[in-house]
Every structure is written in structure tokens, then in C-alpha cells.
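Written below as C-alpha cells is the structure these notes are about.
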Amino acid sequence: MGEYIITGNKKLKGTVTVNGSKNAVLPILAATVLNGSVNILENCPEISDTKTSIDILKHIGCDIETENKTIIVNSSNVKCAEIPSELVKKMRSSIIFMGPLLTRFKKAVLSHPGGCELGKRPIDLHLSAFRKMGAEITEENDIITCTCDKLSGCDITLDFPSVGATQNIILAAVLAEGTTVISNCAKEPEITDLCRYLTKIGAKIEGGGTSEIKISGVEKLKPARHTILPDRIEAGTYMIMAAATGGKVLIKNVFPHHLSVLSDILSKMGCKIKTTPSTILIKAPSKLNNIPFIQTLPYPGVPTDLQPQLTALSAVSKGMCSFEETIFESRTAHINELLKMGADISLKNECEFTVKGVPCLYGAEVSAKDLRGGAALITAALRAEGVTHVKNSCHIERGYENIVENLSGLGVNITLKNSSDVV
Ligand code: EPZ
């Protein structure tokens, strides 16, 4: 467990290039199990969650080659449909291997996934869909065992547009018998990217990125090459960091239309934003004005994965902002840590809180409790007076490649002290 040491109150200036999307590469890596062939994935982010997915693929029998940001997965020799708990528990998205294993091997055995502490994080929508498609599912001592003679296509309406459940059902339906129609499904760009990859390997999918997706089962799939789309949450995080420090940053390798809601908020707060098809230039005044209300919603609404970072930005902006987190039942672990830095935030309940901007925050010793909450603490540290220690760097390393190099390149005095460095 390392800690970031950040000297604050420095305007971010310069250019940062966004990496491939964590939340796109993880389901696509799981999907490579389906075709029993060679998959060349380019622009993959080099983060710990990618490594965990690679470890899972190797465990079940895939041959993997990696070179820079390209991962080559040969799934022809996959023979194991069980994933050990120590791998599953490392990240929430390990659950996404269930669909591909079940449809290809008629069996999948995993423990309940781990991941960020954002509430219970149930998988009932995943399991009820698999049962409807013909799977038998038992749960004993935290181990979930799924088996089926075959999976049959059917109509599934999700109670909530769950990203993971949408992805898992698509992956289970690609080789199922007949047609599956998912209604009220998630529309995130990462779903669209998964559908693009699956179509390349021969799946028959219509409606990716809309609230109704139709998958017609096929019998055979083929090899493919795919480039992972840019990480809109990484890009949005750097936009918010630039805004928090009154900086001027050019963000490259990004799809601005994936961040139009964030750009709208930051413009209303006082930033100047210019875009081209693959870049965003953000210029911020030294002090922003809060907008009255921010509510997270499924795409294309305000992403829940940027709520913690926006909380930190709001804490150093003039006026007040009320937040409502509607996606997760508890995404407020960053608030107590921000209070240690002098933020003025009052929690109404686990999903609603009000931020009152303060003249400045002060460096402190704080701890990241989850990935995006950790990014929020770094955001606050960049603006704060003095030095901040952000502990539990492992959470942040799950989703931000080269964050020390990137922030140093923007003029920030930041170092990562690994626990082994402690004398
Ligand atoms: C994905 O998580 C992302 N993770 C999350 O990003 C993101 O916050 C989330 O989607 C929402 O956009 C990956 O893609 C790896 P959900 P996922 O299923 O699929 C409830 C990050 O920081 N739910 O859309 O787990 C659930 O409890 C991470 O990069 C059920 O009730 O999210 C939650 O309240 C954090 N039953 C809501 O739906 C289910 O069976 C949204 O969850 C499944 C979900």
C-alpha cells in the first residue's frame, strides 16, 4: 500500500493523453473467451484491473501476449470454468466472466465479486437473467455455481439499467440458441464498444448504446482485432483537476461527446472549454462558482464515477452545491477524508449531501477508500495549501495509469512512496 505525496496550490498547465477505457477493456477481455480464437486488443490501459483480468484469463487456459498497450488473447485452449476467489475478489468486474464461461462451457463457478465499497453491489439482475435463459444457479459459502444444458434467447427487461448486467447478458446471449432482447439496458459508451468488438468476432447485435439491445445467437465466432475506446472517466478526472487548480490543460485522445454533461457543468462554473473531435482544451479561472445541484444518472447523465471528483471541486468553489447520488447506495467515503482537509460538507444521508465552498483546503494525511474517491482526494490535494499524503494508492492504481507521470507533466510536485520505501 503506497501513498501519494502532493504539494498543492499549483495551476495545472500542459497536455495529457488519455488511455484506453478501464470499463471497456475489462468486459472485452472477458468476451475474448467466447471465440476460442486469437484476439488482438490495442490501446489497453496498463492498470492493475487489466492485470487481474489477464491473470483470470491465464488461469482458465488462455495464452496471453502483451506488448506496450496491446494484449493478444488466444482463447482456443480454455478448459477451466472456475475462477479462484482470490482473483474474483480483486475487482467487481470479475463477475463479467460468468456470461462467457456459461455460454461456451455450460458452466461457470465464481465467488461473489469484490470491488469498491459502494454499497452491497448485488448481482441479482445478472443471475435472474441467466436463470431465465436456462441456467441452474446455486450459491453456497459465497461460491456461485452456474450450469446449463444450453442457453436459450429470451426477452429480458432490467429493473435498473445496470452496466454489468447488460454486459453479462449480452455475453451469455451471443452463442445462445435464438434471440435475446434486453430492454431498459445500460447505454454507456463502454457497452457500445463491447458490442463493436463482439460484432467484429461475428456476433449479431443490434441497438448497442440504446435502451434496447437485440442479440441473435450464432454458432461460430472468429478472430478479431479491436482498439479500446478512450477512457471518458480518466479524461473527466483530469478536466476536473484542471478546473480545481485554475489551470489550462489540453486533453488528447478523447471523445468530447462522451463528456458533454461534464463540460456543461464546468462551463457553468466558469471554465472555458474548446473541443475538436479528439481533444478537449479546458481553461479555468482561479476561483469557480458552484452550480446549485448535481445529480448522478445513468448515461448520458452525470456519471457517478465523476461524483467524488466533482465533490472536491465544489469544495473549493464559491457558493453551495447539493449533490444526489442515484446510482450507488453509498458513494460518500471520500467526504470524511475531504473534511480532514478543511472542506465544509454536510451529509443528509448516504446519497445526499451539501457542499459549501471554502476559501482554501489544507494539506493533511488522508486515505483513499475506493478508486474514484481516491481521485477526489488527489483533486483536493492539488488545490490545497501545503502537502497532502493520500494513502492506499492501490485503489487509485486500479484505474489511473501513470497518474504521477501525468500530473508531474502538468507541473505538479507529486511522488509515490511505496510502503516498502518506508525505512
Ligand atoms: C460499472 O459497475 C462500472 N464498473 C462502475 O465503475 C460504474 O460506476 C457503474 O458501472 C455505473 O456506471 C465497470 O464497468 C467495471 P451497475 P457495475 O451494475 O456494472 C445496482 C469505476 O469507478 N445493481 O450499473 O457494477 C448496483 O447495486 C466503477 O470505474 C443491482 O441492484 O454497475 C448499483 O446500485 C465503480 N443488481 C447500480 O445497480 C445487479 O444485479 C449500478 O450498478 C447489478 C447492479
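Read the numbers this way: they start at 1 and go in the same order the structure lists the ligands and their atoms.
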Within the 4.0 Å heavy-atom shell around Gly164, which atoms of ligand 1 are there? 18 (O), 19 (O)

Testing Lys22, Arg232, His258 for side-chain hydrogen bond (donor to acceptor under 3.5 Å, both in side chains) with Glu190, which one passes? Arg232

So, does Thr326 use its side chain to make a donor-acceptor pair with the main chain of Thr296 at under 3.5 Å? yes

Near Ile327, which atoms of ligand 1 are under 4.0 Å from a heavy atom of that residue? 33 (C), 34 (O), 37 (C), 41 (C)

Residues which pass side-chain contact (heavy atoms from CB on, under 4.5 Å) with Ala375, listed by chain and number, not counting sequence neighbours: Thr237, Gln309, Tyr400

Atoms of ligand 1 under 4.0 Å from any heavy atom of Ile123, numbered from 1 in the order shown, are 39 (C), 40 (O)

Between Thr388 and Ala384 (side chain of the first, backbone of the second, donor and acceptor by atom type, cut-off under 3.5 Å), is there such a pair? no

Taking the non-hydrogen atoms of Pro122, is any one of them nearer than 4.0 angstrom to ligand 1? yes

Is the shortest N/O to N/O distance between Arg372 and ligand 1 below 3.5 Å? yes

As a check for students: among Leu26, Leu125, Leu371, Asp305, identify the option with a heavy atom nearest to atom 40 (O) of ligand 1. Leu125

May I have the step-by-step check of salt bridge (Lys or Arg N to Asp or Glu O under 4.0 Å) for Glu46 and Lys51, ending in yes or no? CA-CA 8 Å; Glu46 291 172 285; Lys51 188 177 172 329; over 6 Å; no

Element-labelled atoms of ligand 1 that are located less than 4.0 Å from some non-hydrogen atom of Ser93: 15 (C)

Under a plain distance cut-off of 3.5 Å, with no hydrogens placed, do Asn35 and Ser75 share a side-chain donor-acceptor pair? yes

Pair Ser183-Glu212, side-chain donor/acceptor within less than 3.5 Å: yes

Between Glu337 (side chain) and Leu377 (backbone), is there a donor-acceptor pair under 3.5 Å? no

Relative to the heavy atoms of His126, which atoms of ligand 1 are at a distance of less than 4.0 Å? 40 (O)

With a 4.5 Å cut-off on side-chain heavy atoms, are Val174 and Ile201 touching? no

Under 4.0 Å from a heavy atom of Phe160: give me the atoms of ligand 1 that qualify, with their elements. 37 (C), 38 (O), 41 (C)

Ligand 1 contact on Gln167 by region, counting heavy-atom pairs under 4.0 Å: neither

Neighbour count above 12 (heavy atom, 6.0 Å) for Lys356 NZ: no

Thr304, any N or O under 3.5 Å of ligand 1 N or O: no

Can a non-hydrogen atom of Arg92 be found less than 4.0 Å from any atom of ligand 1? yes

Under 4.0 Å from one or more heavy atoms of Arg331, ligand 1 contributes atoms 8 (O), 22 (O), 35 (C)

Sub-4.0 Å atoms of ligand 1 with respect to non-hydrogen atoms of Phe328: 8 (O), 9 (C), 33 (C), 34 (O)

Arg398 to ligand 1, any heavy atom closer than 4.0 Å: no

